[in-house]
Amino acid sequence: MKKIGTKAILFCLALIATSCNGCSSQKQKSAETSAAAVGSRAVEATPVSGYFLKNTYVFDGDTAFFVFGDQASFDKYMGVGRTMSNNPSVPSFAENIVAAIALKPTDVQTAVDVAGVETKGDKAVVHFEVSPGEKIGYTMTPQILFSFPKTEGLKTVEFVTGGKAVKTISLDRGI
């Protein structure tokens with residue numbers, strides 16, 4: 001039986017690594033081309049901190065989705081969580097769309113994260129993830145509140161998780 005030398009193994013590993021890099025960059029270029037073809041454009045989602053969903057809100061499902069067009073509708077559902085060391089950020093409704101995702105109260109430590117926001121024609125698509133954790137000794141309402149720039153011509157905001165659209169909200173209607 002013939003031994004394979006160290007140089008031969010290193011050469012093979014370098015060859016494999018080089019070929020894999022080419023594949024992933026080709027896939028990325030293909031994805032970018034596809035996104036450009038349908039007019040998709042990534043926009044920045046900015047966290048809005050210092051607020052919470054008021055406990056007077058009654059869930060009609062496991063998850064609630066909100067799109068706020070003005071301060072009055074925002075104040076109807078969101079409360080200020082001000083402390084001595086925390087100053088809530090102030091959302092600009094003139095320049096941004098403010099949105100929220102909230103889950104029913106639970107005794108499991110759960111995070112809601114926005115993975116990205118993109119515009120596609122007349123809709124904004126919010127990609128989000130829910131990550132459950134350990135059981136805790138109290139209940140919490142997992143939520144995320146964020147804003148993204150208004151774009152001329154937007155008519156709807158679509159919320160997507162796991163590749164599936166779960167809610168679409170008309171910007172005319174708001175919540």
Side-chain angles (χ1 to χ4, degrees), residues 31 35 38-175:
V38 295
S40 176
R41 183 176 69 89
V43 294
E44 184 177 353
T46 304
V48 176
S49 62
Y51 299 91
F52 60 92
L53 180 63
K54 291 181 177 177
N55 63 6
T56 55
Y57 179 78
V58 178
F59 284 83
D60 62 354
D62 290 335
T63 308
F65 302 92
F66 302 90
V67 175
F68 302 107
D70 57 42
Q71 190 70 49
S73 64
F74 181 81
D75 291 342
K76 181 177 177 182
Y77 293 96
M78 305 306 292
V80 178
R82 179 174 288 135
T83 65
M84 289 179 64
S85 63
N86 148 351
N87 286 321
S89 54
V90 180
S92 169
F93 295 99
E95 300 171 2
N96 297 300
I97 293 172
V98 179
I101 303 167
L103 280 58
K104 262 187 166 176
T106 179
D107 64 351
V108 174
Q109 183 71 40
T110 306
V112 182
D113 296 303
V114 172
V117 178
E118 62 182 325
T119 58
K120 290 182 177 182
D122 64 352
K123 73 178 171 183
V125 181
V126 176
H127 298 275
F128 73 98
E129 300 167 350
V130 176
S131 304
E134 300 293 318
K135 190 168 176 81
I136 52 179
Y138 56 92
T139 58
M140 63 174 292
T141 302
Q143 62 190 342
I144 188 163
L145 183 62
F146 58 98
S147 66
F148 56 93
K150 282 186 178 177
T151 305
E152 189 174 332
L154 281 182
K155 294 181 180 176
T156 60
V157 176
E158 181 179 75
F159 295 89
V160 175
T161 187
K164 295 182 181 181
V166 293
K167 180 75 172 181
T168 301
I169 298 177
S170 169
L171 292 178
D172 297 342
R173 191 175 69 90
I175 299 169

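Bear in mind the structure is a predicted one, so any value in this text is a computation, not a measurement.
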Tell me, with the steps shown, if E158 and V126 meet side-chain contact (heavy atoms from CB on, under 4.5 Å).
CA-CA 6 Å; E158 181 179 75; V126 176; over 6 Å; no

Is there a side-chain contact (heavy atoms from CB on, under 4.5 Å) between K155 and L171 once you walk through the steps?
CA-CA 5 Å; K155 294 181 180 176; L171 292 178; 5.7 Å; no

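Note: F65 and F159 have tilted aromatic rings, judged against thresholds of 30 and 60 degrees for the angle between ring planes.
Side-chain contact check for T106 versus M140: some heavy-atom pair is nearer than 4.5 Å. Within the 4.5 Å cutoff, side-chain heavy atoms of Q109 are placed close to those of Y138. Residues T63 and V166 have side chains not in contact (no heavy-atom distance under 4.5 Å, counting atoms from C-beta outward). In this structure, E134 and V108 have side chains that are not in contact, with every pair of non-hydrogen atoms separated by 4.5 Å or more.
Between the side chain of K167 and the backbone N or O of F66, no donor-acceptor pair lies under 3.5 Å. Panel note: side chain Y51, backbone S89; a donor-acceptor pair is recorded below 3.5 Å. Judged by distance alone, with hydrogens and angles left aside, the side-chain atoms of N96 form no donor-acceptor pair with the main-chain N or O of V98 at under 3.5 Å. Between the T156 side chain and the K123 main chain, no donor and acceptor come within less than 3.5 Å of each other. Judged by distance alone, with hydrogens and angles left aside, the side-chain atoms of T161 form a donor-acceptor pair with the main-chain N or O of F128 at under 3.5 Å.
The 12-atom threshold is exceeded at NZ of K54, counting heavy atoms of other residues, nucleotides or ligands nearer than 6.0 Å.
Shortest non-hydrogen contact noted between A64 and Y57 is CB-OH, 3.5 Å. In plain terms, the two heavy atoms of D113 and I144 that are nearest each other are CA-CD1, 4.1 Å. Contact detail for L145 and A99: the closest heavy-atom pair is CD1-O, 3.3 Å. Contact between F59 and A102 at its shortest, heavy atoms only, is CE2-O, 3.6 Å. In terms of heavy atoms, E44 sits closest to P149 at O-CD, 3.4 Å. For the residue pair T141 and P105, the shortest heavy atom distance occurs at OG1-CG, 3.6 Å.
With S147 as reference, T46 is the one residue of I97, V117, T46 to meet the side-chain contact (heavy atoms from CB on, under 4.5 Å) rule. For the ring-ring contact (aromatic ring centres under 6.0 Å, His included) criterion with F68, the lone passing option out of F146, F93, F74 is F74.
In this structure, CG on D107 lies 9.0 Å from OG1 on T110, to the nearest 0.5 angstrom. Atom CG of L53 and atom CE of M78 lie 5.5 Å apart (nearest 0.5 Å).
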